[in-house]
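Contents: one structure, followed by commentary.
The structure displayed is predicted, hence computed values, not measured ones. So that the names make sense, note that chain A is the first sequence line, chain B the second, and so on, each numbered from 1.
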Protein chains: 2
Amino acid sequence: MRADKARNREAILAAAGRLFDEADDPDRVSMDAVATAAGVGKGTIFRGFGDRDGLLRALYDQYTAREFQTLPDAVPDLLVRIWDFKRRHRVLTLALEREGFASPYRNDGYDRLHRHLVDLVTRARGPRNADFLAHALLAAVRSDLVEYLKEGSEADPREGLRELARSLLGPEPGAEAAR
Amino acid sequence: MRADKARNREAILAAAGRLFDEADDPDRVSMDAVATAAGVGKGTIFRGFGDRDGLLRALYDQYTAREFQTLPDAVPDLLVRIWDFKRRHRVLTLALEREGFASPYRNDGYDRLHRHLVDLVTRARGPRNADFLAHALLAAVRSDLVEYLKEGSEADPREGLRELARSLLGPEPGAEAAR
DNA sequence: GTTGAAGCGGACCAACGGTCCGCATACGTG
DNA sequence: CACGTATGCGGACCGTTGGTCCGCTTCAAC
């Protein structure tokens, strides 16, 4: 790997991260804008990341690797973690979940979370429909829902999320101890 | 309303409906294609529907008005009805839930379903977090999830949906009678 | 039949994701 | 250090799309 390539890759990721953080609508962040902000030609981005989706994914992977190194075994906590993560990176996750068309699911990060949840669900209530229920739990933290509920509702959505998890899985073992 | 305008409106809706039914990916249905298929100029579509979103929404409203005239009071049945509806109109609903960016929610059809579900949830378990739980139930029938799970999984997702509803709301009153 | 308004249609525009290739640069080799 | 070549760069360029615009047509009231 040539040094300039590595340097450019970092510059592009940094610039894209900044632009997405500042933007309100993912569509307003064009590849041209990223290239300009990174001080790089557009071709360089496409050679390094394939296409727009590839860039978003690389950025997303970088964030998730940092954020989800370890996954909590308490489902309510996990869901709230995901919720907060998506609030923090709203525009990027919004963009990613819309890209492609079954793309939110065909994705290593999603798979990992899903497998973990299937495991937890199975432990709590057996394997029946565990696969689907895990999907449903993840659907409750879809980033456009996070975005839509981020303000204005009377109750804190995160509390709702906790209640959803409790209803499905029963009270957390050790939850009383924590109170 | 002039006669030709009404005629064109119908032709456009019919053509768009047909094209979306035949398509595999919503992005492959361009406005030009709709115009050509309807035997109409592109301007006519935009004058009559505002923009692409307006056309999709009009089409969607037409379908939902037919499909959801009455809403069942049994949550599992309602969810399964929505699931089947979205399978039937996969490309259109896929397109609509991706359009805009909090757009799946700011929408009369969604609002109506949500209010109905809030009511049912409140009746079953009280008002606490009912708003969020209703959103979560609707998230479980997001059309890209429907699309993703439509085949290949061991269990029928519709069964999972029923179990989700039962877990949240308790056994349906009168459910034993139906067995 | 006449006339004003309502509506039509497709040439046109701007913006986007993605490609391409002549040129610059990094780096192993002598 | 000098050199040669493979690697990588960049921005002009392309095709496609949603959306606009305006000269012309058609409707329908009188």
*What integer distance in Å separates B/D4:CG from C/dC8:P?*
5 Å
*Relative to the 5' end of DNA chain D, which residue comes earlier, B/V29 or A/D32, by the nucleotide with the nearest heavy atom?*
A/D32
*Begin from the C-alpha positions of B/R125 and B/L168 and carry the test side-chain contact (heavy atoms from CB on, under 4.5 Å) through to its verdict.*
CA-CA 8 Å; B/R125 44 150 53 223; B/L168 276 188; 4.2 Å; yes
_Can you tell me how far apart CG (B/L78) and CH2 (B/W83) are? Round to the nearest 0.5 Å._
14.0 Å
*Selection: residues 34-47 of chain A, any non-hydrogen atom under 4.0 Å of DNA chain C*: A/K42, A/G43, A/F46
_Residues A/R98, A/S143; criterion side chain to side chain donor-acceptor pair (under 3.5 Å); working and verdict_ = CA-CA 10 Å; A/R98 205 183 331 152; A/S143 54; over 6 Å; no
*Rounding to a whole Å, what distance do you find between B/K5:NZ and C/dC8:P?*
7 Å
*asked:* Measure CG/A/D51 against P/C/dC16 and give the value in whole Å, please.
replied: 17 Å
*Tell me what B/R52 touches on the nucleic acid: a base, only sugar-phosphate, or nothing, going by heavy atoms under 4.0 Å.*
sugar-phosphate
*Is any side-chain heavy atom of B/R87 closer than 4.5 Å to a side-chain heavy atom of B/E147?*
no
*Which pair of heavy atoms, one from B/V146 and one from B/V141, lies closest together, and at what distance?*
CG2-O, 3.8 Å
*Does A/D61 have any side chain to side chain contact (heavy atoms under 4.5 Å, CB included) partners at least two apart in sequence or in another chain, and if so, which?*
A/R57, A/T64
*Just how far, in rounded Å, is P of D/dG18 from CZ of B/R28?*
12 Å
*Could you state the atom-to-atom distance from CG of A/L55 to C1' of C/dC16 in whole Å?*
15 Å
*What's the CZ-C1' distance between A/F49 and C/dG17, to the nearest Å?*
16 Å
*Among D/dC27, D/dG18, D/dC9, which is the nearest nucleotide to the side chain of A/N8?*
D/dC9
_N/O donor-acceptor pair, side chain B/R2 with base C/dA6, under 3.5 angstrom_ = yes
*B/R7 CZ to C/dG9 P: how many Å, rounded?*
10 Å
*Roughly how many Å is it from CD1 in B/I12 to C1' in D/dG19, rounded to a whole number?*
15 Å
*Would you say the ring centroid of A/F85 lies under 6.0 angstrom from that of A/F68?*
yes
